[in-house]
Amino acid sequence: MRLRRWVRRRPPVSSLDVSRMEPLSGGRNEVVAWSGEDPLRPERRLRWRDHFTLTENLLHLPHLPDGHDGLRIAQLSDVHVGQATSDVRIRRAVEAVNAESPDLVFLTGDYVTHSPKPLPRVREVLSGLKGRVFVVLGNHDHQVNAPYLRESFERLGYTVLQNEHRVVEVRGAPVTVLGVDDGRTRRDDVAATFRGAPESGTRLVLAHTPPTVEKLPEQGNLVQFSGHTHGGQFIVQGLTEALFRRAGQPYIRGHYLVKGNQLYVNRGLGFGFGGPYLRRGSEPEVAFFTLRSRMAFAAAG
C-alpha cells in the first residue's frame with residue numbers, strides 16, 4: 001500500500017518565527033477515509049479512532065553544517081499502547097514515518113500508561129521504523145517498567161538514551177543526539193547527558209518533559225524535542241493554559257524559543273477517539289522537521 005493513497009498533504013510551513021516564546025502553528029495534514037483495499041483493516045474506511053494528523057515544520061539553525069541543510073527528522077511521542085490508543089493508528093503512524101524516509105527518527109516517551117499488560121505489544125506495534133531511531137523514556141514508562149521497555153527497543157535496534165548522548169554521521173557530518181531522562185520522575189541529569197559531548201555542530205536534544213529545556217546550556221543553538229502534555233489534551237481556551245502553568249508546564253504544544261534554544265512540544269499520538277481518555281482541540285500528531293540554515297533559507301527565498 002502506498003501511503004499517498006490515504007494521506008491528504010498540505011504544503012509545509014514556509015518559515016518559523018522563533019523570536020517569541022509562543023507556540024507557532026505548523027502545516028497540517030489529515031488522514032482521511034479512502035476507498036482502496038486496506039491491509040490493516042477489513043473495512044474500507046478509517047474509523048475515527050484511527051485518525052491522526054501529520055505536521056511539517058522548518059527549523060532554522062545558525063551555523064548548521066552544509067551537509068545538514070535539508071536534514072529530515074520524524075518524531076513520535078506519547079503513544080500509550082493499550083486500550084487508550086488504537087493499534088491501527090500506531091501502525092499507520094509507523095508507515096507514515098517510513099514513507100518520508102527521514103534521516104533520524106525520535107521517540108520521546110510514554111509508550112504505556114498505567115498497566116504492564118501492554119508491555120509486550122510495545123515492541124510489536126512500534127517495530128519496523130527505518131533508519132536511525134533514538135528513544136527516551138517518559139514518566140509512565142518509569143512507573144510501569146523502564147528496564148523492560150529499554151530492552152524491547154534495543155532488541156529492535158533502536159538506541160535508548162538515559163542521560164546519555166551519541167554522535168552519528170549523517171549526510172557527511174556529525175550529529176550529536178542527547179537524550180535526557182524523564183524530568184517528571186526526577187531522573188533527568190542534563191550535566192551527565194552533555195558530559196563529553198561536542199560543544200558545536202548539529203546538536204539535538206530528546207527529553208520527554210518540556211521544562212527540561214530550561215536546564216539546557218543557554219544560547220546553545222540546541223533543539224529539544226519533547227512530548228508529555230498531549231498538546232493540552234482537552235482544550236478550553238484560557239483555562240487549559242492556566243492549569244498547565246500552575247502545574248509547572250508552561251510549554252504545551254508547538255514551537256518555543258527558550259534561553260536561546262528551540263523547543264518543540266509534540267501533541268502525542270495516543271489517547272482520545274474511542275479510548276477512555278478524551279481529547280478535545282488537540283488531535284494526535286506525527287511531526288516531521290526539516291533543518292535549514294538561515295542563510296540557505298534566505299538564498300532560497
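All values derive from a computational prediction rather than experimental measurement.
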Are any of the side-chain heavy atoms of [X] and [Y] separated by less than 4.5 Å?
{"X": "Val136", "Y": "Val180", "value": "no"}
{"X": "Val213", "Y": "Tyr256", "value": "no"}
{"X": "Arg132", "Y": "Asp103", "value": "no"}
{"X": "His142", "Y": "Leu137", "value": "yes"}
{"X": "Asp69", "Y": "Ser293", "value": "yes"}

query = When you look at Leu76 and Val105, which way does the side chain to side chain contact (heavy atoms under 4.5 Å, CB included) test go after all the steps?
reply = CA-CA 8 Å; Leu76 290 171; Val105 179; 5.5 Å; no

ask   = So His63 and Asn221, side-chain hydrogen bond (donor to acceptor under 3.5 Å, both in side chains) or not? Walk me through it.
value = CA-CA 8 Å; His63 316 300; Asn221 196 32; 5.8 Å; no

Specify the closest pair of heavy atoms between [X] and [Y], including all atoms of both residues, with the distance to one decimal.
{"X": "Leu206", "Y": "Val135", "answer": "CD2-N, 4.3 Å"}
{"X": "Val79", "Y": "Ile90", "answer": "CG1-CD1, 3.4 Å"}
{"X": "Ala287", "Y": "Asn57", "answer": "CB-ND2, 4.3 Å"}
{"X": "Pro116", "Y": "Pro120", "answer": "O-CD, 4.2 Å"}

task = Verify side-chain hydrogen bond (donor to acceptor under 3.5 Å, both in side chains) between Thr53 and Glu285, making sure each step is shown before the conclusion.
result = CA-CA 5 Å; Thr53 64; Glu285 173 185 22; 5.9 Å; no

Worked check of side chain to side chain contact (heavy atoms under 4.5 Å, CB included) between Val258 and Tyr251 = CA-CA 10 Å; Val258 185; Tyr251 316 109; 3.7 Å; yes

Heavy atoms of other groups near Asp66 CG, more than 12 under 6.0 Å = no

query = Considering residues, nucleotides and ligands other than Glu169, do more than 12 of their heavy atoms fall under 6.0 Å from its CD?
reply =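 More than 12 within 6.0 Å, yes.
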
Is a donor on one side and an acceptor on the other found under 3.5 Å between the side chain of [X] and the backbone of [Y]?
{"X": "Arg203", "Y": "Pro198", "result": "yes"}
{"X": "Thr85", "Y": "Gly82", "result": "no"}
{"X": "Ser226", "Y": "Ala207", "result": "yes"}
{"X": "Asn261", "Y": "Pro217", "result": "yes"}
{"X": "Gln224", "Y": "Pro210", "result": "yes"}

With sequence neighbours excluded, residues passing salt bridge (Lys or Arg N to Asp or Glu O under 4.0 Å) with [X]:
{"X": "Arg195", "value": "none"}
{"X": "Glu214", "value": "none"}
{"X": "Arg150", "value": "Glu154, Glu164"}

Could you tell me the separation between the [atom1] atom of [X] and the [atom2] atom of [Y], rounded to the nearest 0.5 Å?
{"X": "Leu222", "Y": "Lys259", "atom1": "CG", "atom2": "NZ", "result": "13.0 Å"}
{"X": "His140", "Y": "Tyr111", "atom1": "NE2", "atom2": "OH", "result": "13.0 Å"}
{"X": "Gln75", "Y": "Phe106", "atom1": "CD", "atom2": "CZ", "result": "8.5 Å"}
{"X": "Thr55", "Y": "Asn266", "atom1": "OG1", "atom2": "CG", "result": "7.0 Å"}
{"X": "Thr159", "Y": "Leu156", "atom1": "OG1", "atom2": "CG", "result": "11.5 Å"}
{"X": "Lys130", "Y": "Asn98", "atom1": "NZ", "atom2": "CG", "result": "5.0 Å"}

task = Can you tell me which residue pairs pass the salt bridge (Lys or Arg N to Asp or Glu O under 4.0 Å) test with a partner in residues 176-194, sequence neighbours excluded?
result = Asp188-Lys215

inquiry  = Quick test of your reading of the model: are Arg91 and Glu95 salt-bridged, counting only N-O distances below 4.0 Å?
reply    = no

key: From CA spacing to verdict: side chain to side chain contact (heavy atoms under 4.5 Å, CB included), Asp110, Asp141   = CA-CA 5 Å; Asp110 276 4; Asp141 305 320; 4.1 Å; yes

task = Output, in order, the C-alpha distance, side-chain angles, deciding distance and verdict of side-chain hydrogen bond (donor to acceptor under 3.5 Å, both in side chains) for Thr229 and Arg267.
result = CA-CA 7 Å; Thr229 64; Arg267 297 196 303 267; over 6 Å; no

ask   = For Asp87 and Arg121, what are the C-alpha separation, side-chain angles and deciding distance, and is it a salt bridge (charged side-chain N to carboxylate O under 4.0 Å, His left out)?
value = CA-CA 9 Å; Asp87 282 2; Arg121 287 170 50 200; 2.6 Å; yes

key: Option passing side chain to side chain contact (heavy atoms under 4.5 Å, CB included) with Val223 (candidates Ile73, Leu204, Leu263)   =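 Exactly one candidate clears the test, Leu204.
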
task = Identify which one of Thr108, Asp78, Thr209, Asn139 satisfies the side chain to side chain donor-acceptor pair (under 3.5 Å) criterion when paired with His228.
result = Asn139

query = Are Leu104 and Val167 co-members of a hydrophobic cluster defined by side-chain heavy atoms under 4.5 Å apart?
reply = no

query = So, for Tyr158 and Phe134, is the gap between ring centers shorter than 6.0 Å?
reply = no

remark   = side chain to side chain donor-acceptor pair (under 3.5 Å) filter on Thr290, not counting sequence neighbours, yields Arg72

Contacts of His80 that satisfy side chain to side chain donor-acceptor pair (under 3.5 Å) - sequence neighbours left out =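 Per chain and number, His80 pairs via side chain to side chain donor-acceptor pair (under 3.5 Å) with Thr113, His230.
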
request  = Evaluate the criterion side-chain hydrogen bond (donor to acceptor under 3.5 Å, both in side chains) for residue pair Thr202 and His68; output intermediate values, then yes/no.
outcome  = CA-CA 8 Å; Thr202 303; His68 291 165; 2.7 Å; yes

task = Apply the test ring pair (Phe, Tyr, Trp, His ring centres under 6.0 Å) to residues Phe225 and Tyr264: give CA-CA distance (whole Å), side-chain angles for both, the deciding distance (0.1 Å), then the verdict.
result = CA-CA 5 Å; Phe225 299 85; Tyr264 187 85; 7.3 Å; no

inquiry  = Under the criterion side chain to side chain contact (heavy atoms under 4.5 Å, CB included), I'd like the reasoning laid out for Val177 against His165: C-alpha separation, chi angles, the key distance, then a yes or no.
reply    = CA-CA 6 Å; Val177 182; His165 69 270; over 6 Å; no

